[in-house]
Amino acid sequence: MSANGIMKSLTPPDIQAMKGGEPIVCLTAYTTPIARLMDEHCELVLVGDSLGVVVHGLPSTVGVTMEMMIMHARAVRRGLTRPLMVVDLPFGAYESGPEQAFENAARLMTEGRAGAVKLEGGRVQAETIRFLTERGIPVMAHIGLLPQAINTVGGYKVQGRGDAAKDVLADAKAVAEAGAFAVVLEKVTASIAEKITDAIDIPTIGIGASPKCDGQILVTDDMLGLFEDFQPKFVKRYGNWAVAGREAISSYASDVRARRFPGPEHLFGDQAPGAKKTKN
């Protein structure tokens, strides 16, 4: 709470200071109403490029644009007061180099009102992370499974098994040294997630990683059971909104066809409530 009584949003340094403490609660959001639901419960809310799949019906996150990210970021910002809002840099918005990344990250900060940005990649993106943070743009890194690179890795495979473990660990150390304030570990083995959490001084945010990470994140539509196309192993469904919504829509359709809706309580009379009746 600030001196003028207005709720103060958490900042990247606030999140980084939670390293090793109470687990950081993170979820994705794409709309104002959903953001409002999680506002009092989360420390970090991610406007993820997963919106391309769960909101827009795309086959992957690769088709998400900057304009889509900015539009959804604006919507989510209207529903948040306390959590740090992080916004994904979409595919093609930063891979050309630090200057391209800065231009697009600045748009997310100014037009989308992001509190920080997230980008995928470990050692290969360390230079870009350093470039952005040195110029005032906080960065959350993302290593392990990289959904934007799904066309090159050949599927949503577990990362960090066998000899690959040292590469994931090296990626984590590289992004931490480059200045990231936190790092998402996606679909990596529990053992490498725990080693990374112990090895770096920034919070690890797990999604299909380990309960020993400094925080956890899920795609909200997965967690609520609203997205039914598939359910990753690492998702626990805390609700069944798709079933409830389908039942509600079915009831509405039945009422309309039977002329049960709208009922008298939903209609408007010729005179305002309390008005004196006129004589003919």
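Scope of the values below: all heavy atoms of this structure, side chains included, with no hydrogens, waters or symmetry mates.
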Shared hydrophobic cluster, [X] / [Y] (ILVMFWY, side-chain heavy atoms < 4.5 Å):
X	Y	answer
Leu46	Met18	yes
Leu37	Tyr238	yes
Val25	Tyr30	no
Phe234	Leu44	yes

To the nearest 0.5 Å, how far apart are [atom1] in [X] and [atom2] in [Y]?
X	Y	atom1	atom2	answer
Met109	Ile137	CE	CD1	6.0 Å
Ser50	Asp88	OG	CG	7.0 Å
Met140	Cys26	CE	SG	6.5 Å
Ser9	Arg82	OG	CZ	9.5 Å

So do the side chains of [X] and [Y] get within less than 4.5 Å of each other, counting heavy atoms only?
X	Y	value
Arg246	Glu228	yes
Pro90	Met66	yes
Val168	Ile143	yes
Thr128	Gln125	yes
Leu119	Val117	no
Val45	Val76	yes
Asp229	Phe227	yes
Pro98	Leu132	no

Considering all heavy atoms of both residues, which atom of [X] and which atom of [Y] are nearest to each other, and what is their separation?
X	Y	result
Arg77	Gly115	NH2-N, 4.1 Å
Ile196	Ala172	CG2-CB, 3.4 Å
Asp49	Val64	O-CG2, 3.4 Å
Leu145	Gln159	N-CG, 3.3 Å
Ser210	Glu194	OG-OE2, 3.0 Å
Leu185	Cys213	CD1-SG, 4.1 Å

Worksheet entry | Evaluation steps, side chain to side chain contact (heavy atoms under 4.5 Å, CB included), between Ile129 and Glu127 | CA-CA 6 Å; Ile129 293 171; Glu127 179 187 356; over 6 Å; no

Fill in: Where at least one partner belongs to residues 165-174, residue pairs that pass salt bridge (charged side-chain N to carboxylate O under 4.0 Å, His left out), sequence neighbours excluded
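Those involving residues 165-174 are Arg123-Asp167, Arg123-Asp171.
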
Worksheet item: salt bridge (charged side-chain N to carboxylate O under 4.0 Å, His left out): which pairs involve residues 100-117, sequence neighbours left out?
Response: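 Only Glu67-Arg107, Arg107-Glu111 qualify under salt bridge (charged side-chain N to carboxylate O under 4.0 Å, His left out).
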
Worksheet item: Is the cationic atom of Arg259 (NZ for Lys, CZ for Arg) positioned less than 6.0 Å from the six-membered ring centroid of Phe261 and within 45 degrees of its normal?
Response: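 Cation-pi check for Arg259 and Phe261: fails.
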
Could you list the donor-acceptor pairs under 3.5 angstrom formed between side-chain atoms of residues 51-58 and any protein atom two or more places apart in sequence or on another chain?
| residue | atom | partner | partner atom | Å |
| --- | --- | --- | --- | --- |
| His56 | NE2 | His72 | NE2 | 2.9 |

Discussion item. Salt bridge or not between Arg130 and Glu177? Use side-chain N to carboxylate O under 4.0 Å.
Written reply: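 Salt bridge: no.
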
Discussion item. Using a 6.0 Å cut-off, check whether atom CZ of Arg260 has over 12 heavy atoms from anything other than its own residue.
Written reply: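 Enclosed.
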
Worksheet item: Would you find more than 12 non-hydrogen atoms of other residues, nucleotides or ligands less than 6.0 Å from Lys187 atom NZ?
Response: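 Yes - once you tally the heavy atoms of other residues, nucleotides and ligands closer than 6.0 Å, there are more than 12.
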
Please check: side-chain N/O of [X] versus main-chain N/O of [Y], any donor-acceptor pairing under 3.5 Å?
X	Y	result
Asp39	Arg36	no
Gln100	Ser96	yes
Glu247	Ala244	no
Glu99	Gly97	no
Glu186	Ala209	no
Gln216	Ile24	no
Thr133	Gly179	no

Practice prompt. Show your reasoning for whether side-chain hydrogen bond (donor to acceptor under 3.5 Å, both in side chains) applies to Gln148 and Thr61.
Written response: CA-CA 6 Å; Gln148 292 178 5; Thr61 63; 5.2 Å; no

Item to complete: Start with the C-alpha distance between Val87 and Lys118, add both sets of side-chain angles, then the distance that settles side chain to side chain contact (heavy atoms under 4.5 Å, CB included), and finish with yes or no.
Response: CA-CA 6 Å; Val87 183; Lys118 181 171 76 65; over 6 Å; no

Practice prompt. Walk me through it: do Val188 and Val158 pass the test side chain to side chain contact (heavy atoms under 4.5 Å, CB included)?
Written response: CA-CA 6 Å; Val188 300; Val158 176; 6.0 Å; no

Worksheet item: So which pairs with a foot in residues 73-124 pass ring-ring contact (aromatic ring centres under 6.0 Å, His included), sequence neighbours left out?
Response: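 Qualifying pairs: none.
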
Pair up each side-chain donor or acceptor in residues 197-208 with any protein partner under 3.5 Å, not counting sequence neighbours, and list the distances.
| residue | atom | partner | partner atom | Å |
| --- | --- | --- | --- | --- |
| Thr197 | OG1 | Ala193 | O | 2.8 |
| Thr197 | OG1 | Thr204 | OG1 | 2.8 |
| Thr204 | OG1 | Asp214 | N | 3.2 |
| Thr204 | OG1 | Asp214 | OD2 | 3.3 |

Atom pairs and distances, side-chain donor-acceptor, residues 217-224, under 3.5 Å, sequence neighbours left out:
| residue | atom | partner | partner atom | Å |
| --- | --- | --- | --- | --- |
| Thr220 | OG1 | Thr28 | N | 3.4 |
| Thr220 | OG1 | Thr28 | O | 2.5 |

